[in-house]
Number of protein chains: 2
Amino acid sequence: MGNKLPALTRDELIRRLMDAGVAPTAQRIAVAQYVMCEGDHPTAEEVANAVRTRLPMISRATIYNTLGRLVEVGLLREVRVPHDESLHYDGNLDPHHHLIDKGSGEIVDLDFNEVQIANLDLLRERYRFDKLVVTIEGTIPHA
Amino acid sequence: MGNKLPALTRDELIRRLMDAGVAPTAQRIAVAQYVMCEGDHPTAEEVANAVRTRLPMISRATIYNTLGRLVEVGLLREVRVPHDESLHYDGNLDPHHHLIDKGSGEIVDLDFNEVQIANLDLLRERYRFDKLVVTIEGTIPHA
DNA sequence: TTTAATGCAAAGCGTTTGCACTGCT
DNA sequence: AGCAGTGCAAACGCTTTGCATTAAA
């Protein structure tokens, strides 16, 4: 697993949703629980598969709407990776980077301080950008 | 422009196609010329718009086929960026990285040595990956 | 009862594919 | 004639949207 997600209780999860202004329906709790606690940068389809083991009737529309809503309120982040056209969802809210294994497609979380760009000040000076998310594509052998 | 592409003559372009085993038809020359010399990480649609000023009859299928073929033979690279679902094509064959401006979506080429990861050896040791492409997402003000 | 959320189906967008047509060789 | 390349249109995968139904406050 390329991710370390918090094990939230149902009540903590519900509180997070409510604090974000999202009414905690059964469907939204299930989606949030999976992406925020269990999944590993899942796609919408992977969320659907996982959530349907518990909520067989949930529709694609609700899953997409919920994921979009959770991204909107900042409880989730979208991640787009090379060689995969579908959007992935990231429940890790801490600032962090991603290492993409081009072989398996796996997304490994790298702690923010785990990636130190030596000449960052120079880059910032030249391009004057703020915020920083680094994605490293590599190939992890026999992973 | 976030790119520095070589100004190839038509003959040089044709030779490159032939060397790669791609028959140099008018359509393929036009597509190759645009992505390899003129465009700035264009999408297929941007390629279509540009190429159609000179070759109004070219079809989407031919553009997609040609782009795919050029990627296949290594004359182009695919680039997928966050917040944009469509594939971009990169005519810059030198090893390099990308800085994505989240504001405008612009893709700026960074020379390979312009990005130095301080603790790369440590990262390599931990994840044992080879090859390395770095994408930095930031926001360039009033760009 | 008023309002929000869900589910279904249809539409949308980017991309791929099947197949007939064109145009070199 | 043979064959690669092209173009059209249909199909495809992922995502979004419109709308009727359902559940909740």
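Reckoned from all heavy atoms, side chains included, excluding hydrogens, waters and symmetry mates. Proteins come first, then strands; the chains are lettered A, B, ... in the order of their sequence lines, and each starts at number 1.
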Whole angstroms only, please: what is the [atom1]-[atom2] distance between [X] and [N]?
X	N	atom1	atom2	value
B/Arg60	C/dG12	CZ	C1'	13 Å
A/Arg80	C/dC13	CZ	C1'	12 Å
B/Met18	C/dC24	CE	C1'	14 Å
A/Glu85	C/dG12	CD	P	19 Å
A/Arg69	D/dT17	CZ	P	14 Å
A/Asn65	D/dT21	CG	C1'	15 Å
A/His88	D/dC14	NE2	P	10 Å
B/Asp84	C/dT15	CG	P	9 Å

Check your understanding: Are any of the side-chain heavy atoms of A/Leu70 and A/Val35 separated by less than 4.5 Å?
Key ->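 No. Closest side-chain heavy atoms not under 4.5 Å.
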Point to revise | Any A/Gln27 side-chain nitrogen or oxygen under 4.0 Å from OP1 or OP2 of C/dG7 | key: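 Yes, A/Gln27 has a side-chain N/O under 4.0 Å of OP1/OP2 on C/dG7.
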Check your understanding: Would you say C/dC13 has OP1 or OP2 under 4.0 Å from some side-chain N or O of B/Ser86?
Key ->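 No, because none of the side-chain N or O atoms of B/Ser86 sits under 4.0 Å from OP1 or OP2 of C/dC13.
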So which nucleotide from [options] ends up closest to the side chain of [X]?
X	options	value
A/Tyr64	C/dT6, C/dT15, D/dC14	D/dC14
B/Arg28	C/dC8, D/dG5, D/dC8	D/dG5
A/Thr62	C/dT15, D/dG7, C/dT6	C/dT6

Review point. Listed in order of residue number, which residues of residues 45-54 of chain B have a non-hydrogen atom at under 4.0 Å from DNA chain D?
Key: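 The answer is none.
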**Study point:** Touch class at under 4.0 angstrom, heavy-atom based, for B/Ala23 against every strand present
**Key:**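 Sugar-phosphate, no base atom in range.
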